[in-house]
**Student:** 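Okay, handing you the structure first.
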Amino acid sequence: MRILHDECVTKRLGRALTGDDVRTVPQEGWEGKKNGELLALMQTAGFEVLITVDQGIPHQQNLQTAGVAVMVMVGASNQLADLTPLMPTVLSE
């Protein structure tokens with residue numbers, strides 16, 4: 001599975017996703033892209049899932065037609081210590 005970490009998610013979190021092709025927005029050269037453009041780029045590049053902490057994305061984009069799945073992690077912050085406890089849920093999805 002091809003997974004993209006949004007630039008607001010620490011790339012160290014991707015280490016927990018073993019066996020998957022995990023890339024970050026900066027690795028793809030897509031820093032600063034707006035959500036709609038990012039989702040279109042992802043689909044063209046063959047990504048299947050976006051992992052983000054951007055809670056606004058479901059309200060700003062029509063995720064039904066995005067062509068990729070979007071997983072929004074909701075923690076106290078976007079720091080590794082706050083997101084790590086959410087990983088069992090991410091991995092089970």
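As a basis for the values below, the full set of heavy atoms in this structure was taken, side chains included, without hydrogen atoms, waters or symmetry mates.
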**Student:** In sequence, state the C-alpha distance, the side-chain angles, and the governing distance for Val70 and Leu39, and then conclude on side chain to side chain contact (heavy atoms under 4.5 Å, CB included).
**Tutor:** CA-CA 9 Å; Val70 176; Leu39 293 172; 4.0 Å; yes

**Student:** Return the minimal non-hydrogen interatomic distance between Val72 and Pro58, and the atom names on each side.
**Tutor:** CG2-CG, 4.2 Å

**Student:** Which pair of non-hydrogen atoms, one from Asp54 and one from Gly56, has the smallest distance, and what is that distance?
**Tutor:** OD1-N, 2.9 Å

**Student:** What's the separation between atom CE in Met71 and atom OG1 in Thr52, rounded to the nearest 0.5 Å?
**Tutor:** 12.0 Å

**Student:** Are Leu83 and Val22 joined in one hydrophobic group, where the rule is that I, L, V, M, F, W and Y side chains link up if heavy atoms are under 4.5 Å apart?
**Tutor:** yes

**Student:** Give the cluster check for Met1 versus Met87: same hydrophobic cluster or not, with ILVMFWY residues linked at side-chain heavy-atom distances below 4.5 Å.
**Tutor:** yes

**Student:** Is the shortest heavy-atom distance from the side chain of Ile57 to the side chain of Asp6 under 4.5 Å?
**Tutor:** no

**Student:** Side chain of Arg23, backbone of Phe47: donor and acceptor closer than 3.5 Å?
**Tutor:** no

**Student:** Below 4.5 Å, heavy atoms only, C-beta onward: do Glu28 and Leu41 meet side chain to side chain?
**Tutor:** no

**Student:** Do Val25 and Val53 belong together in a cluster built from hydrophobic side chains that touch within less than 4.5 Å?
**Tutor:** no

**Student:** Taking the side chain as everything from C-beta on, heavy atoms only, tell me whether Val74 gets closer than 4.5 Å to Gln55.
**Tutor:** yes

**Student:** Work out which heavy atom in Gly32 is nearest to a heavy atom in Glu7; give both atom names and the distance.
**Tutor:** N-OE2, 3.0 Å

**Student:** Within a strict 4.5 Å, meaning less than it, do heavy atoms of the Met73 and Leu13 side chains meet?
**Tutor:** yes

**Student:** Keeping Gln43 on the side-chain end and Val68 on the backbone end, is there a donor-acceptor pair under 3.5 Å?
**Tutor:** no

**Student:** Tell me the closest heavy-atom pair linking Asp21 and Arg2, and the distance in Å.
**Tutor:** OD2-NE, 2.8 Å

**Student:** Would you find a donor on one side and an acceptor on the other, under 3.5 Å apart, between the side chain of Asn78 and the backbone of Cys8?
**Tutor:** yes

**Student:** Supply the atom-to-atom distance Thr24 OG1 to His5 NE2, rounded to the nearest 0.5 angstrom.
**Tutor:** 8.5 Å

**Student:** Between Leu38 and Leu4, is any pair of side-chain heavy atoms under 4.5 Å apart?
**Tutor:** yes

**Student:** For Gln61 and Asn35, does a side-chain donor sit closer than 3.5 Å to a side-chain acceptor?
**Tutor:** no

**Student:** Working to the nearest 0.5 angstrom, can you tell me the gap between Met42 CE and Trp30 CH2?
**Tutor:** 7.0 Å

